[in-house]
Amino acid sequence: MAHKDAYSALMKGVEELDCRGPAVPGDLVLIGDHAFPLAMNPRGQVLMAASRYGQGRIVVLGHEGFLTTFPTVVENALTWLKPSSDAQVGIHSACGAVAHNLCYTNIRAEVGGFHSGLGVYVTDAYSVGPTAKELVAFLKEGGGLLVAGQAWSWAMDHPKENTLLGFPGNKVCSVAGIYFSEHPGELGVFPVPRQIPSSWLAVSIDKDFKDDLEFLLQGVSEFDIQGGAVPSEVLVHGPLAFPIATTNDGRAFIAGSYYGQGRVIVTTHEGYLGRQALAPFLINAVRWLDEGRNGRVGILPQLNGARALLSQSGLTCEKTGFKQGLSVYVCTSYSDAHAADIQEFVAEGGGLLIGGHAWYWAQTHSGRNAMTEYPGNHILNKMGFSILGATLNAGLYQAPQPTKACSEAYHFRRMLQNFTGHVTHGQKLTEHEQACLKRLGGDCATYLRMGAHDCPSYNSILTMLTNMVKKAGVPQVCASCPVKDSKDHLLLHVGTEVYKASPNPDDLLPYIIKDRPNLPTVPNARVRINGNTAGSEEWKSTGLYLSPGMKTHMAIPSQIVGKGWKVQIGCQTDYVGNAAQLKRAPVVHERFPIESEMIQVSNLWGGLVYLVAPPNCQVGELEVVVERAIRAPYYKSGETSVADWVGGVRDAPAPWAEMEFENIIMTVPSEVVRKVKQPDEVAKLWDSIMRSVAELAAIPTKFPHKERFVADVQISHGFMHAGYPVMMHSSSAPNLVDPKLAHKSGLWGAIHELGHNQQRGAWEFPPHTTECTCNLWSIYVHETVLGMGRAQAHQAISPCSRKKRIEQFLQGGRTLGSWNVWTALETYMQLQEKFGWEPFKKVFAAYHHMKNVPNDNKGKMNLYAETFSRTVNRNLVPFFKSWSWPIEPELEKKLADLPEWSDHPMAKFS
């Protein structure tokens, strides 16, 4: 609001700006959190701007002629800039005509040089050089500055100089995030909008950073970041930020930026700051940051390698925390203790070399937003880049060619500008740009999660994306109408994130979801849940649903407020954005931390309503009141009668339903359960299945928390995948709730995933048994519950298939490398067919209490062979060796006291 109010005050009474000449203004570049445009031409060039720095304010006009051409703007500006109503206004002699115009106002001013006691100072951009430091200090302490000029003619006279650093006006205005650029502005008569002007053409600036890259990459042919120091990705999003070193797919791990009068370089691992293989680049970097001052380089004390390496630059290096008087400061991104001081240091001309990754922070702060909460980003976001929680592959990467990098390298803002032009004005994209669209969608989503609504630059991009969504719409994705091309993929991804970031999301709903059913709601629904959990997070079903975009309030019991509980809207939690073809949006669920007794929740895509309880919670029964929601078909064993189910519960209007049994909960499309007439029979089936799963796993038949199956139109990988919840395609859902079909056709896939959830690292030998031992549960359940022999349960374990695999294993030389999946399962089936299921249960039970289990496959396989041998009281070494297990001689000696299983099934092949 502060920027909007300032804009209104500055442009009050101005309806249009006649910029037809003869004064040709320059284009202004805006960065940081405070700079915002006052006037913008149709090309997106900024001709007037305002900002804040420290306690002061500044207005910049793109030509000194504007000081007299637009007297109303000048009068408004001086009024806004004055720190108090009686503040003295000083005017540089080169701008004396301003004083004449002020004779007709209430503003009193004096013409002369800058001196103490002034409240506002008016000057052109060419005369500030000698007093630049004094003017910056004046601004920071609360003074007001009105600066006017253009740099395009200066740039023509100084072709070898860097306009951003060398032009006199930039030595003052840049600290507030406003730069005079070398580009002339397009002339014309421009209307003044009621809101801060914005244009998709203004997203990117016409600067190539070629000179910077040539300096930084002199003598650098490659970036060797091989080894254990794994980098994060850095999102380069500022107008004056640019990638320096990238992976082969263009993701940056080193980047640079201008910020105010200073410069910044970020590396996404602090280990790189002292890496000798990067020495040529790092020495160039510290020289680039020093800007020829030959000043002191302060290096955080724990960065010993960096100090040794950077001392080779010839600059004076010292171990120190942040302090005044440095030319360059070298530190890590793990602390924001001096964030404001460091930003001010750079804005006023210092250099910052900062290193660190955010992936460990992201792993240890689950559910938190690295963009806004990672300490280093409190420093870097304003400077034009953010360290992300995602990792990149450490490797050997070629240094870019400066000229090629400028024209072909991926840059977030430039790519966004080009795509917006493509969507809104039909501009063609190059083949390279087409290939970058998927990445752009992810970067837009990441950028929007900054939620920096007090930053004009952020708001301009949000406004641009909002307009793009309204212009192009969002693909109405579904199973029968999937999204295939990269443009629609991006619009679907971005549409979701724009909705989340928008201050007026309801206004966007019709452009994103065009067909929203009007379902009947219930008021003040009271939901009782059991608030106790075991050692893992648990979803608590409410039996309620919210339609897409529907908002509701929830009254929460005080005992769980601020205790790590969350509300979740939507049960489909898989991220599917990496798929080439989308049948739904990449993310369709939302979570809200419970931090007060009354919270408002909603989800663009709608969904079932859950409370998410943290691990090890003991709060007993809880009651939650939901202001407005839609009933979902919800069956719960022991609470829902068959009569109630058939009499109306199954016909509740929500499109998603749940059936909750003793140890498992099914979430399926409502159309599936509306055909179920005997939910008690479905409960009986799954109670038996889950008890059977527990029996084989040697765990209590009452699970510590119920397993979940969730059906979805698209999942992240596989036909199904394990986890909490187990995810499956919607097409598989009918099989779960049809006991007759289950006994006839089996449930191999579903039990296979439940088996995955029972696997334990102590007796798993990845990758050999990852897709093998989970099938023990499939066999056991089909035999003991469904009454189906193993050969009938899955064709891959028919006698013919088993015989063929054994032959292939033998013909392949009995290598452990070929002992995988079904071949590995054969080993376990041979054990079971000889000794039965009881030894497996005893072995699994023994592992529950084992300590000091080896970490390597060889050690674990020997331990398993020993444990199974002792359990059945037979020496199984010959059998396991016949399957090429790496049995140690020591184990053979240890088991020599047991009778040998000499007639095992593989003996005849020895």
Side-chain angles (χ1 to χ4, degrees), residues 336 358 360-375 377-378 381 386 388-389 445-454 496-497 499-503 505 525 527-542 544-546 548-575 586-629 705 708 710 723-725:
D336 57 3
Y360 180 76
W361 185 95
Q363 290 174 6
T364 54
H365 295 77
S366 179
R368 304 271 291 278
N369 186 349
M371 285 286 286
T372 57
E373 298 182 74
Y374 175 66
N377 287 338
H378 293 157
N381 282 347
S386 305
L388 307 183
T446 301
Y447 179 80
L448 289 173
R449 287 176 201 141
M450 277 200 297
H453 293 286
D454 57 347
T496 305
E497 297 301 329
Y499 175 85
K500 293 178 185 177
S502 174
V527 179
R528 296 195 65 82
I529 63 169
N530 181 346
N532 299 337
T533 62
S536 58
E537 179 183 273
E538 190 171 337
W539 301 1
K540 304 290 184 177
S541 300
T542 67
L544 300 174
Y545 172 86
L546 297 183
M550 177 179 171
K551 297 180 177 67
T552 194
H553 285 88
M554 298 178 65
I556 307 293
S558 59
Q559 60 263 47
I560 65 171
V561 173
K563 301 294 177 62
W565 285 66
K566 301 177 182 70
V567 172
Q568 177 174 302
I569 312 298
C571 55
Q572 287 84 7
T573 53
D574 269 7
Y575 174 75
V587 177
V588 292
H589 75 286
E590 283 289 334
R591 279 192 170 187
F592 303 85
I594 295 177
E595 300 295 346
S596 63
E597 292 184 32
M598 183 66 72
I599 63 172
Q600 185 183 66
V601 297
S602 68
N603 179 13
L604 167 62
W605 304 105
L608 292 171
V609 181
Y610 301 90
L611 271 78
V612 181
N616 303 311
C617 193
Q618 297 295 317
V619 293
E621 290 291 319
L622 301 170
E623 183 177 84
V624 176
V625 181
V626 183
E627 173 195 34
R628 187 172 68 103
H705 72 86
R708 280 184 176 271
V710 171
Y724 183 84

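Nothing here was measured: the structure is a model prediction, and the numbers come from that model.
Of all heavy-atom pairs between Tyr499 and Pro505, the closest is CE1-O, 3.3 Å. Residues Phe592 and Ser602 come closest through the heavy atom pair CZ-O, 2.9 Å. Across all their heavy atoms, Pro725 and Thr573 have their closest contact at CD-OG1, 4.1 Å. Closest approach of Val588 and Gln572 over heavy atoms only: CG2-O, 3.4 Å. When all heavy atoms of Met550 and Ala629 are compared, the pair lying nearest together is CE-CA, 3.8 Å. Between Gly562 and Glu595, the shortest heavy-atom contact is CA-OE1, 3.7 Å.
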### Message
If you apply the rule side chain to side chain contact (heavy atoms under 4.5 Å, CB included), what do you find for Asn603 with Leu546, and how did you get there?
### Response
CA-CA 8 Å; Asn603 179 13; Leu546 297 183; over 6 Å; no

### Residues Ile529, Val527; criterion side chain to side chain contact (heavy atoms under 4.5 Å, CB included); working and verdict
CA-CA 7 Å; Ile529 63 169; Val527 179; 4.0 Å; yes

### Task
For side chain to side chain contact (heavy atoms under 4.5 Å, CB included), just list the numbers for Val587 and Thr496, CA-CA rounded to whole Å, side-chain angles, deciding distance to a tenth of an Å, and then say yes or no.
CA-CA 8 Å; Val587 177; Thr496 305; 5.6 Å; no

### Step-by-step side chain to side chain contact (heavy atoms under 4.5 Å, CB included) determination, Val567 to Val612
CA-CA 6 Å; Val567 172; Val612 181; over 6 Å; no

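The backbone N or O of Tyr610 lies less than 3.5 Å from no partner atom in the side chain of Thr542, so there is not a single donor-acceptor pair. Between the Lys540 side chain and the Asn530 main chain, a donor and an acceptor come within less than 3.5 Å of each other. Side-chain atoms of His365 do not come within 3.5 Å of backbone N or O of Tyr360 as any donor-acceptor pair. Without hydrogens or angle criteria, Arg368 side chain to Tyr374 main chain gives no donor-acceptor distance under 3.5 Å. In terms of modelled atom types and a separation under 3.5 Å, the side chain of Thr533 and the main chain of Asn616 share a donor-acceptor contact. His378 places a side-chain N or O within donor-acceptor distance of the main-chain N or O of Thr372, the cut-off being under 3.5 Å. At distances below 3.5 Å, not a single donor-acceptor pair connects side-chain atoms of Asn369 with backbone N or O atoms of Met450. Although no hydrogens or angles enter the test, the distance criterion places a donor-acceptor pair under 3.5 Å between the side chain of Asn532 and the main chain of Gly620.
For Lys500, the side-chain hydrogen bond (donor to acceptor under 3.5 Å, both in side chains) partners at least two apart in sequence or on another chain are Glu590.
We find the CD1-CD1 distance between Ile594 and Ile599 to be 5.0 Å, quoted to the nearest 0.5 Å. Atom CG in Leu604 sits 11.0 Å away from atom OG in Ser502 (nearest 0.5 Å).
Remark: the Ser386 side chain and the Asn381 side chain contain an N/O donor-acceptor pair separated by less than 3.5 Å.
Residue Tyr575 places its OH atom among more than 12 non-hydrogen atoms of other residues, nucleotides or ligands, all under 6.0 Å distant.
A salt bridge links Glu537 with Arg591; the closest basic N to acidic carboxylate O contact falls under 4.0 Å.
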